[in-house]
Amino acid sequence: MTNSRTKFQKKFDGFLSKLLLIIITVVSLYPFYSLLIMSTHTNAEVISRLNLLPGKALLDNIKVILKAGFLRSYWNSFYVAMLSSFIRVFVSAMAGYALAIYRFRGRSACATIVLLTMMVPFNVSLVGFLIEMNTFHLTGTMWPLIISCTSSSMGVYLLMSTMQDTVPLQIVESARIDGAGEFSIFLRFGIPLSKAPLTTLFLLSFIASWNNFMNALIFINKREQYTVPMAIFTFGDQFSSEYGARMLALVLATFPILIIYIFNSKHFVSGITAGAIKS
Amino acid sequence: MAPFFIIFGVFFLFPTLYSFYVSLTDNKIGREVNFIGLQNYIRLFTTDQHFWPSVKNTFIIVIFTLPTVIVLGILLANFLFNEKRRGRVFFQTANYLPNITSPIAIGIIFSLMFDQKVGIVNKILVKLGIFEQAINWLTAPSYLQRTMLVLMCIWQSLGYYMLMYLSAMTAIPQDLYEAAKVDGANKLQILLRITVPMLKNTTQFLIINSMIGLLQMFDQPYLLMRGLSGSAINTIEKPLETVMVSFYEYSMKTGRLGYGATVTYGLFIIILLCVSITRWVISKKEDPYD
């Protein structure tokens with residue numbers, strides 16, 4: 001009797017936890033669904049009632065966002081995110097490699113600086129960075145957006161701690177004996193051996209840059225330089241009543257991130273959890 | 001190595017220190033710059049009518065968001081841990097999506113969901129009989145506006161906490177659980193006596209890092225405040241105005257760079273204080289006899 005009761009209890013518990021998980025997941029996903037549905041409706045439909053099924057205005061909405069120059073913003077965002085992530089990964093890899101492989105005077109000082117400045121938010125340097133960009137005559141270009149992402153020490157920390165394990169010292173030693181230069185050792189062994197953490201860092205930087213709104217708000221003031229978040233934010237100024245089209249723009253803004261994430265979720269999980277486990 | 005430290009020095013370290021210098025001046029775009037010492041700081045901490053209210057707003061959001069996501073995160077991770085592999089991957093992937101979605105998308109979707117006319121939240125609340133009629137959340141009493149923002153923060157970050165806890169749980173040695181089961185411990189006891197204490201490091205990391213992040217929150221409240229129409233709503237009380245929002249609204253928009261730098265440093269001081277206090281509380285708890 002008690003045995004069957006505990007069995008029932010167990011089943012019930014399992015059912016309850018599954019139910020809760022499903023509810024939470026539905027809540028997590030509903031806004032995405034709603035976004036997708038709204039993007040196929042006309043403006044009047046979006047603002048007059050709650051729509052739960054797709055409408056017929058998708059093509060019209062596409063026309064509106066094309067007219068608004070959304071493709072241009074799309075390209076801008078892509079360009080900024082690619083370039084800044086690439087520079088960031090490359091530069092962080094060099095620093096991480098050096099801190100992991102070489103034993104030099106001041107190494108621990110550098111490592112300490114990296115660790116300490118990870119705690120200093122970028123916002124603290126924002127005003128100084130803005131004035132610096134003004135003096136370099138870089139405001140009004142895309143460069144502030146690109147540069148602001150590259151100087152974060154989080155990447156160096158991530159690579160420093162992973163490269164210690166991924167790049168064996170013996171390989172570096174034997175390449176040196178074969179007469180290879182230090183930089184070519186880095187390119188030929190350091191980078192290929194650390195593919196996984198480098199990919200992770202690249203993906204995380206790409207998404208951070210793609211989603212960055214505040215910097216774009218502060219540094220970009222010409223329409224032809226708008227990134228996707230800025231384009232969507234100012235969409236209201238241009239087409240104040242086109243909500244359906246705006247939703248479509250949001251769908252398009254979210255889409256690349258979803259694709260990147262779904263196909264690389266392993267890299268994400270390792271990258272996101274890496275910081276916590278070491279500390 | 002060198003290139004990073006050059007970029008890092010020129011574009012991060014230097015601006016950070018330079019910001020501090022700027023915070024000691026009356027720098028305003030298009031005007032002569034004078035060194036005025038600590039005057040900005042004195043004004044910020046004593047007479048500024050936006051700073052302390054915005055600090056209060058930010059703190060309220062943190063106080064309600066952080067414990068909720070930690071408790072829910074542990075619970076959900078615990079449920080997920082017992083799922084089969086395939087289910088686990090699906091739930092994990094689906095629930096992490098909000099975390100990587102751009103804040104601007106989230107801001108607009110939530111404005112839509114909380115909209116007076118077409119928002120699903122109003123519809124559900126009216127149907128359940130909690131509200132008599134649909135309300136406009138952006139002009140509603142402060143506590144409702146704050147609830148909206150807190151819900152949005154929870155929605156966005158819960159998946160992250162779940163993921164962190166789940167990966168920490170896989171590192172807990174299984175024999176601990178076996179031993180507890182042999183001793184006849186029930187599920188709740190196992191969760192509270194074994195799992196939660198074993199997750200202590202992750203919890204610490206999450207609390208400190210999220211505190212740093214949440215205290216600097218800008219995108220979500222800024223977008224939410226503007227609602228679906230995208231234009232700012234003028235109300236006397238602004239319960240969603242966080243420190244970074246007030247920094248942008250009153251310093252960056254008007255070109256008062258010197259004072260803006262002071263606001264960011266003021267926030268930085270507050271963040272440092274919060275982190276130190278948290279660290280101190282945690283270490284006190286750890287060694288009660290020290």
* Asked: Looking at B:Q156, B:M162, B:M244, which makes the most heavy-atom pairs under 4.5 Å with chain A?
  -> B:M244
* Asked: With a 4.5 angstrom heavy-atom cut-off, which part of A:T25 approaches chain B: side chain, backbone, both or neither?
  -> both
* Contact class of A:L21 relative to chain B, heavy atoms under 4.5 angstrom -> both
* Asked: Which atoms form the tightest heavy-atom contact between A:S28 and B:A94, and what is the distance?
  -> CB-O, 4.3 Å
* Using heavy atoms and a sub-4.5 Å threshold, report which of residues 69-77 of chain B line up against chain A, by residue number. => B:L76
* Asked: Taking only residues two or more places apart in sequence, or in another chain, which ones meet B:I124 in a side chain to side chain contact (heavy atoms under 4.5 Å, CB included)?
  -> B:I120, B:L128
* Any residue meeting side chain to side chain contact (heavy atoms under 4.5 Å, CB included) with A:V89, in chain and number order, not counting sequence neighbours -> A:L198, A:L201, A:F202
* **Any donor-acceptor N/O pair, A:N211 side chain to B:I100 backbone, under 3.5 Å** => yes
* To do: Output all residues satisfying ring-ring contact (aromatic ring centres under 6.0 Å, His included) with A:Y97, sequence neighbours left out; order by chain, then residue number.
  => A:Y102, A:F186
* **Segment of A:L130 engaging chain B (4.5 angstrom heavy-atom cut-off)** => side chain
* Structure fact -> Counting heavy-atom pairs under 4.5 angstrom with chain A, the leader among B:F90, B:F91, B:Y160 is B:F91
* Asked: Counting heavy-atom pairs under 4.5 Å to chain A, which of B:N209, B:V263, B:L97, B:L272 comes out on top?
  -> B:L97
* Taking atom CZ of B:F218 as the centre, report whether more than 12 heavy atoms of other residues, nucleotides or ligands fall under 6.0 Å from it. => yes
* **Heavy-atom contact with chain B under 4.5 Å, split by part of A:L204** => neither
